[in-house]
2 protein chains.
Amino acid sequence: MNPTTVLLVDDHLVVRSGLRALLGTQPDLAVVAEAASGEEALDLVREHAPDVVVMDLAMGAGMDGIEAIRRLRQVNTRQAILVFTTYDSDADIVRAVDAGAMGYLLKDAAPGEIFAAVRGAVQGRSVMSPPVASRLFQQLRNPDGILTPREAELLGLLTEGLSNRELGRRLFISEATVKTHLAHIYAKLGVETRAAAIATAIRREGMR
Amino acid sequence: MNPTTVLLVDDHLVVRSGLRALLGTQPDLAVVAEAASGEEALDLVREHAPDVVVMDLAMGAGMDGIEAIRRLRQVNTRQAILVFTTYDSDADIVRAVDAGAMGYLLKDAAPGEIFAAVRGAVQGRSVMSPPVASRLFQQLRNPDGILTPREAELLGLLTEGLSNRELGRRLFISEATVKTHLAHIYAKLGVETRAAAIATAIRREGMR
DNA sequence: AGCCGGATCAGCCAAACGGATGAGAGACCA
DNA sequence: TGGTCTCTCATCCGTTTGGCTGATCCGGCT
């Protein structure tokens, strides 16, 4: 059986070499290329058609990880994409999965976890770090995300088309507080504008 | 039979006296008070409880006509409110009717039309100038308002949460044009923010 | 030929919004 | 008592919107 081919995408050289060394200890895994940016990753995927792409989400300048995932999926829906990143924000997880990531690992994952994730990915299994899994699970279980009561209340009014000022008046809080809540809501919903938040909220199961 | 009592609301003295003179020619109509602002109108309605309120929508400073109508309805749902204004904008018509106006007349209406409207209003009949009626009819017949194909297309994308820049790219037009279309859409929907437009559009019949 | 509605674009300006950061008060839990 | 969460507020700053005005082009309709 041929080894599983892997493409590493991370803007930090040290991370790439560390991963390469780590994966190199496994006879069934072979790192065939490394990319330092989303653009480069796109080229290398076309060239090597690896079985798995292990990618960092935060990538200095240029295309970000999420966008890279989206593009990769368009180029070749075959290879599995594994996110390998430092932070576990709700928004990133949701968006990565949404963009088509096969798994989501945190950089503090144990070597064994990483191996398992790569092997699982090629077999179509989705592997993720426990904290990530738990967040995602909550997302699925509670479609309103992990919104606090206050946030949910705000989101409800948001869909009425109110401005920040109006929201503040309606809830007897300052505009500053409204903005804070909104920022949290956007992060949890994985959007970045109120327009998208409203669209998401309203479409999300008959909310009206 | 007692004459029908009327309250005139218009910030222009000349309009008020003109109307008073006009209505005065009819033995069954009696102007019992005049207000120059929404606030004043509220007070006078409480004081005189007129059968009909004939009101201009544009009213210099302070409360605008739409808001005044809304308040009046809260105070006393009894009297009929007749809008008597210069311009027939889609947004104003929709909002006035929505706020609870009984009829909608343009200032170039013939005297006979005005008399008929006032008499009709007290009897619960809704009278409006022909051009107004036609606009309103279109609104009802076509829930998408009077949106042109291009505007409808834009509104659709708007509900996806796109920014002006993105809308422009998607439709191959400049951001300036996007803004122009949006301004028209807002006017036709009777809203003033994209958030409200999105909310309206999405709720409007299962649009998704 | 002349007019009108629809679509396109520009420039200007004020208001609204979003991002980043810091911070304090109260509730709850270990 | 020391974390953690939620809700609250503030300031700064750059971007996005919305309002307004004016203009061009095209295709019908008259």
Side-chain angles (χ1 to χ4, degrees), chain A residues 58 64 87-92 131 134-135 138 142 144-200, chain B residues 58 64 87-92 131 134-135 138 142 144-200:
Chain A
D64 75 349
Y87 309 103
D88 58 336
S89 88
D90 291 314
D92 284 342
S134 113
R135 277 174 187 271
Q138 281 199 283
N142 178 359
D144 275 349
I146 314 159
L147 297 187
T148 65
R150 194 55 155 172
E151 287 165 356
E153 187 180 8
L154 224 141
L155 182 57
L157 290 176
L158 196 62
T159 66
E160 305 284 319
L162 302 191
S163 69
N164 289 351
R165 190 186 306 276
E166 293 170 319
L167 288 171
R169 273 207 260 273
R170 196 74 83 84
L171 297 175
F172 305 108
I173 57 180
S174 80
E175 219 176 311
T177 304
V178 169
K179 289 175 66 175
T180 302
H181 283 312
L182 285 182
H184 293 159
I185 292 174
Y186 296 164
K188 291 181 179 177
L189 293 185
V191 300
E192 42 204 17
T193 67
R194 82 168 38 208
I198 292 174
T200 304
Chain B
D64 74 349
Y87 308 104
D88 57 338
S89 89
D90 292 314
D92 283 343
S134 110
R135 278 172 188 272
Q138 282 199 284
N142 178 0
D144 276 347
I146 314 159
L147 297 187
T148 66
R150 195 56 158 171
E151 287 164 356
E153 186 180 8
L154 223 141
L155 182 56
L157 290 176
L158 197 61
T159 66
E160 305 284 318
L162 303 191
S163 70
N164 289 350
R165 190 187 308 277
E166 294 170 319
L167 288 171
R169 272 207 262 273
R170 196 74 84 84
L171 297 175
F172 304 107
I173 57 180
S174 81
E175 221 176 309
T177 305
V178 169
K179 290 177 65 176
T180 303
H181 284 312
L182 285 183
H184 294 159
I185 292 173
Y186 296 162
K188 290 180 180 178
L189 294 184
V191 300
E192 42 204 15
T193 67
R194 82 168 38 208
I198 292 174
T200 304

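Given the structure is predicted, the values throughout are model-derived calculations rather than measurements. Chain identifiers are assigned alphabetically (A, B, ...) following the order of the sequence lines, protein sequences preceding nucleic acid strands; residue numbering begins at 1 within each chain.
If you take CD of B:Glu175 and P of C:dC9, they are 11 Å apart, rounded to a whole angstrom. Note: CD1 (A:Ile185) to P (C:dG18) measures 11 Å, nearest angstrom. In this structure, A:Leu182 atom CG and C:dG19 atom P are separated by 10 Å, rounded to whole Å. Atom-to-atom, CZ of B:Arg194 to C1' of C:dA15 comes out at 15 Å; the value is rounded to the nearest Å. What separates NZ of B:Lys179 from C1' of D:dT21 is a distance of 12 Å, to the nearest Å. For B:Leu158 and D:dG18, the CG to P distance is 8 Å, given to the nearest whole Å. One interatomic measurement links the two molecules: CD of B:Glu192 to P of C:dA15, which rounds to 15 Å at whole-angstrom precision. Look at CG on B:Leu155: it is 17 Å from C1' on C:dG6, rounded to the nearest Å.
Under a 4.0 Å N-O distance rule, the pair A:Glu151/A:Lys188 qualifies as a salt bridge. Comment: B:Arg169 does not engage B:Glu166 in a salt bridge, judged by the lack of any side-chain N to carboxylate O separation of less than 4.0 angstrom.
Between A:Arg150 and D:dT8, a side-chain N or O to OP1/OP2 separation shorter than 4.0 Å is present. Listed pair B:His181 / C:dT8 meets the phosphate criterion, a side-chain N or O lying under 4.0 Å from OP1 or OP2. Note on A:Thr177: every side-chain N or O is 4.0 Å or more away from OP1 and OP2 of D:dC7. Put simply, A:Ser174 has a side-chain N or O that comes within less than 4.0 Å of OP1 or OP2 on D:dA10.
If you check residues 162-170 of chain A against DNA chain D, you find no residue with a heavy atom closer than 4.0 Å.
Note: B:Arg194 CZ to A:Thr193 OG1 = 7.5 Å, rounded to the nearest 0.5 Å. One distance of note links OG1 of B:Thr180 with CD1 of B:Ile173; it measures 8.5 Å at 0.5 Å rounding.
With distances taken from any side-chain atom of A:Ala176 to the nucleotides C:dG18, D:dG18, D:dT11, the minimum falls on D:dT11. Taking only side-chain atoms of A:Ile173, from C-beta outward, the nucleotide of D:dG18, D:dT8, C:dG19 with the closest atom is D:dT8. For B:Thr180, the side-chain atoms get nearest to C:dA10 when compared with the rest of C:dA10, C:dG19, D:dC9.
Under the side chain to side chain donor-acceptor pair (under 3.5 Å) criterion, A:Ser174 pairs with A:Thr177, not counting sequence neighbours.
Of all heavy-atom pairs spanning A:Ala197 and A:Leu158, the tightest one is CB-CD2, 4.2 Å. Nearest approach of B:Ala195 to A:Ile198, heavy atoms of both residues: CB-CD1, 3.4 Å.
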